Amino acid sequence: MSYKDINNYHLQSYDSASLKVGFELYKDRLYITQVSKSELQHICKVDLKVDYRGHTFDVAELNKDTLYIYTNNLKISKELNLDL
């Protein structure tokens, strides 16, 4: 799959159900597919945030029962005892 084709978009998913709609397992839990621009009806960018113990974090991934957050702030990571 070429990442230099300007007429196509590369979609990524962490949901294994994506295999049923044409995605391929790329590595670990990442699924990818390539679609032409004409196949897309709308493009939206959604940035999820979560407030946790007085701090706002970006959401890296949201599954049915798991929410993955991240920060580049080591002080907050240590303060909240987050895994690095």
Side-chain angles (χ1 to χ4, degrees):
M1 195 177 293
S2 170
Y3 285 94
K4 297 187 182 215
D5 186 347
I6 62 171
N7 295 313
N8 293 309
Y9 283 105
H10 298 88
L11 307 179
Q12 298 180 353
S13 172
Y14 289 99
D15 186 351
S16 62
S18 299
L19 290 168
K20 296 177 184 174
V21 293
F23 282 70
E24 299 173 4
L25 178 62
Y26 178 65
K27 60 176 144 177
D28 297 325
R29 298 178 302 135
L30 179 62
Y31 303 89
I32 61 172
T33 192
Q34 180 175 319
V35 297
S36 68
K37 289 182 179 182
S38 64
E39 292 179 78
L40 301 176
Q41 297 167 345
H42 301 284
I43 299 175
C44 302
K45 181 178 180 183
V46 178
D47 292 324
L48 298 176
K49 306 279 186 185
V50 63
D51 289 326
Y52 176 66
R53 295 187 182 177
H55 301 281
T56 301
F57 296 93
D58 292 311
V59 175
E61 184 179 340
L62 176 61
N63 292 326
K64 292 177 186 172
D65 60 353
T66 306
L67 176 70
Y68 295 93
I69 61 175
Y70 67 93
T71 181
N72 292 329
N73 188 322
L74 294 176
K75 182 179 176 184
I76 292 173
S77 294
K78 288 179 182 179
E79 174 187 331
L80 299 178
N81 198 28
L82 299 176
D83 290 334
L84 298 176

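Residues: numbered from 1 along the sequence shown. Note that the coordinates shown come from a computational prediction; the quantities given were computed from them, not determined experimentally.
- A distance of 6.0 Å separates CZ in F57 from NE2 in H55, rounded to the nearest 0.5 Å.
- Residues S36 and N7 form no side-chain contact, since every pair of their non-hydrogen atoms from C-beta on lies 4.5 Å or further apart.
- Listed by first and then second residue, the side chain to side chain donor-acceptor pair (under 3.5 Å) pairs that reach into residues 41-52 are K49-D58, D51-T56, sequence neighbours excluded.
- For the pair V35/L11, a side-chain contact is recorded, criterion being any heavy-atom separation below 4.5 Å from C-beta on.
- For the atom pair L62 CG and L67 CG, the distance stands at 5.5 Å (nearest 0.5 Å).
- Between the OH atom of Y26 and the NE2 atom of H10 there is a distance of 10.5 Å, given to the nearest 0.5 Å.
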Just distance, no hydrogens or angles: give the donor-acceptor pairs under 3.5 Å from side chains in residues 13-23, sequence neighbours left out.
from : atom 1 : to  : atom 2 : distance (Å)
S13  : OG     : D15 : N      : 3.0
S13  : OG     : S18 : OG     : 2.7
D15  : OD1    : A17 : N      : 3.0
S18  : OG     : D15 : O      : 2.9

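- Residues passing the salt bridge (Lys or Arg N to Asp or Glu O under 4.0 Å) test with E79: none are found, sequence neighbours excluded.
- A search for side chain to side chain contact (heavy atoms under 4.5 Å, CB included) contacts involving L25 returns Y31, not counting sequence neighbours.
- Going from atom CD1 of I69 over to atom CG of L48 covers 12.5 Å, rounded to the nearest 0.5 Å.
- In this structure, N73 and K75 approach most closely via the heavy-atom pair OD1-N, 3.0 Å.
- Heavy-atom neighbours of K37 NZ from other residues, nucleotides or ligands within 6.0 Å: above the threshold of 12.
- Taking the side chain as every heavy atom from C-beta outward, Y9 and L40 approach each other to under 4.5 Å.
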| task | Evaluate side-chain contact (heavy atoms from CB on, under 4.5 Å) for L30 paired with Q12, printing each intermediate quantity in order. | result | CA-CA 7 Å; L30 179 62; Q12 298 180 353; 3.8 Å; yes

